[in-house]
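Note: hydrogens, waters and symmetry copies are ignored here, and every other heavy atom, side chains too, is used.
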Amino acid sequence: MSRTASFPISRRAALAAPALLAAGHAVSQTAEVDVVIIGAGAAGLAAARTAQAEGVSFTLIEARDRIGGRTLTDRSLGVPVDGGATFIHFADRNPWTAIAAEVGVETRTGNWRSGGYREFSDGAPVEAGVASGQRSGRGGLWALMEDVDASNDVSFARLVANAPPEVVAAAQSMARGAVGEEPERVSVADYGRLYDGPNRVVPEGYGTIVERYGAGVPVRTGVFARLIDWSGRGVRVETDQGDIRARAAIVTVPIGVLKAEKVRFRPALPRETANAIDGLAMGALSKIALKFDGDRFGAAPDMHFVELRGARPGMSFEMWPFDRDVVVCWFGADYAREINRLGEEGAVRHMLERLVRIVGPEAEKAFRGGRHFGWSEDPFALGGYSYARVGHAGARDALRKPVADRLWFAGEACAGKASMTVGGAHQTGEQAARSIAARLRPR
């Protein structure tokens, strides 16, 4: 298969250069394609598929040796486990609901802790009344969040500074467990505006949907983008395997990579775009999958064992998802960064020891192996997914604005109300490709 997608010359293609000139931007005479797409996660694949449909030529590059980005279904333990994205959030409007049906992947209605949950502190069960107070705390937290918007933004920690203990605990749990970050760093205004709605789960893995969706898309894997030069008439992307020239670029790499300047820009990005990147950051929500043989430790499928109190930071054990012999450990924020630095063997051992404290030594005997998905240490992500810093609730919208009609940013970080989701990433990739196609058409 050709690594660069191209199409027969049409009237649209023949008139593309005059169209861009009319828009005030000369077109490079050495452009190889209309658009270069950097990153083959959900946003990059959606951009490529949309470009195909619009008759726009493109080159899609990906630094990893696979497509999918932070959507990854791992099968090394003998069953599919999502190491990254798990839920099709706001499924009634999420494009991946329909895509799953199109590519023949089953989805089911499902929500967090659908199998019930038990709460623990340092391995010891918490009384039912205390757990009930935790649930009421979440209601109190949402009530406080309703009064916050971009004009009076605060962090989760500041929001609950004078609240009852159960509300403070709920804020800490939401920030660390849903965003993957410490509560004093996360914008309430940004998080509060995100879409809500029914979720769906994917027995064969969310990553399986993305794999099938991208199966027919030509992509060059193992290609590292180092520099995006937009100083000329088009763009030039300098990679470890040579330069790619195009009329425009769609940049879908995660915010963590942009903030670390793993990809540089020449000239420097405009102040508004640079400020938008600065106003966003990456949480560290991560997972470890533990494989067991035989003993189910008295837990029903899809039940969660949650530790929110005690000497160790909070986290959750998802017991036997889809009735399979694995336990998925969810953990975030600074605790996740600490554990992720241990490497796979150390991180797996650490989580197994925490589970043993809850269920007893039988877990050690039944243990058969584990996998670690430590996104904060992944060089191609440097975090789980994005959040807005306090006072920067408008950063996502600012980042989505094109730069000089040559650079578009796409991905979950700039998806507005759909941010922090694979669905949002898809929508921004599609929108960017359509915008470029519209600019290539004759007026």
Side-chain angles (χ1 to χ4, degrees), residues 43 89-90 92-94 136-197 251 254-256 258-259 268-285 332-334 383-403 407-425 427-428 431-432 435:
H89 292 295
F90 53 92
D92 51 345
R93 68 185 89 182
N94 191 315
S136 68
R138 287 193 290 271
L141 175 61
W142 281 109
L144 291 175
M145 290 174 62
E146 290 179 357
D147 295 328
V148 179
D149 58 27
S151 65
N152 63 341
D153 195 12
V154 294
S155 69
F156 275 94
R158 180 69 179 274
L159 178 70
V160 299
N162 300 312
E166 63 271 17
V167 177
V168 174
Q172 293 172 342
S173 176
M174 181 174 289
R176 293 170 180 155
V179 183
E181 191 53 275
E182 298 299 330
E184 62 268 21
R185 301 172 191 157
V186 182
S187 161
V188 172
D190 175 68
Y191 188 81
R193 74 169 181 154
L194 299 179
Y195 281 141
D196 195 8
V251 183
I255 279 293
L258 292 176
K259 290 179 75 72
L269 292 170
R271 179 175 298 179
E272 182 181 14
T273 306
N275 287 345
I277 293 172
D278 182 62
L280 299 170
M282 292 287 274
L285 191 65
D334 287 347
Y385 42 72
S386 66
Y387 67 91
R389 297 168 52 225
V390 180
H392 296 273
R396 300 187 189 279
D397 297 332
L399 184 60
R400 197 167 58 249
K401 296 179 181 178
V403 176
L407 296 180
W408 274 258
F409 290 88
E412 57 83 14
C414 53
K417 294 182 178 181
S419 294
M420 301 169 60
T421 70
V422 188
Q427 290 172 353
T428 61
Q431 290 163 1
S435 295

J.: With a cut-off of 6.0 Å (strictly less than), are more than 12 heavy atoms of other residues, nucleotides or ligands near CG of N162?
T.: no
J.: Report the distance from atom OG of S386 to atom CG of D190, rounding to the nearest 0.5 Å.
T.: 7.5 Å
J.: Drop me the distance from C414's SG to D397's CG, to the nearest 0.5 angstrom.
T.: 9.5 Å
J.: According to side chain to side chain contact (heavy atoms under 4.5 Å, CB included), who are the partners of V390, at least two apart in sequence or on a separate chain?
T.: D153, S155
J.: With side chains defined as the heavy atoms from C-beta onward, is the minimum distance between H392 and S187 less than 4.5 Å?
T.: no
J.: Is any side-chain heavy atom of L159 closer than 4.5 Å to one of L141?
T.: yes
J.: Does a side-chain N-to-carboxylate-O contact under 4.0 Å join D278 and R389?
T.: yes
J.: Which residues satisfy the side chain to side chain contact (heavy atoms under 4.5 Å, CB included) test with T421, sequence neighbours excluded?
T.: H89, F90, A418
J.: Could you check whether any side-chain heavy atom of L407 comes within less than 4.5 Å of a side-chain heavy atom of T273, counting everything from C-beta outward?
T.: no
J.: For a side chain to side chain contact (heavy atoms under 4.5 Å, CB included) check, start with the C-alpha distance between I255 and L399, then their side-chain angles and the critical distance, and finish with the verdict.
T.: CA-CA 10 Å; I255 279 293; L399 184 60; 3.8 Å; yes
J.: For residues 175-184, please give each side-chain donor-acceptor pair under 3.5 Å, one per line with the distance, not counting sequence neighbours.
T.:
from, atom 1, to, atom 2, distance (Å)
R176, NE, E182, OE1, 2.9
R176, NH2, E182, OE1, 3.0
E181, OE1, R185, NH1, 2.7
E181, OE1, R337, NH1, 3.1
E181, OE2, R337, NH2, 2.6
E181, OE2, Y387, OH, 3.1
E182, OE2, D334, N, 3.1

J.: Is the NZ or CZ atom of R93 both under 6.0 Å from the centre of the six-membered ring of Y195 and within 45° of that ring's axis?
T.: yes
J.: Hey, are the side chains of M420 and Y191 touching, using non-hydrogen atoms and a 4.5 Å cut-off?
T.: yes
J.: Can a side-chain donor-acceptor contact be found between R138 and S173 if the only test is distance below 3.5 angstrom?
T.: no
J.: More than 12 heavy atoms of other residues, nucleotides or ligands under 6.0 Å from CZ of R158: yes or no?
T.: no
J.: Do W408 and V403 come close enough that some side-chain heavy atom pair is under 4.5 Å?
T.: no
J.: Is there side-chain contact between Q427 and E412, with at least one heavy-atom pair below 4.5 Å?
T.: no
J.: Is any side-chain heavy atom of F156 less than 4.5 Å from a side-chain heavy atom of M145?
T.: yes
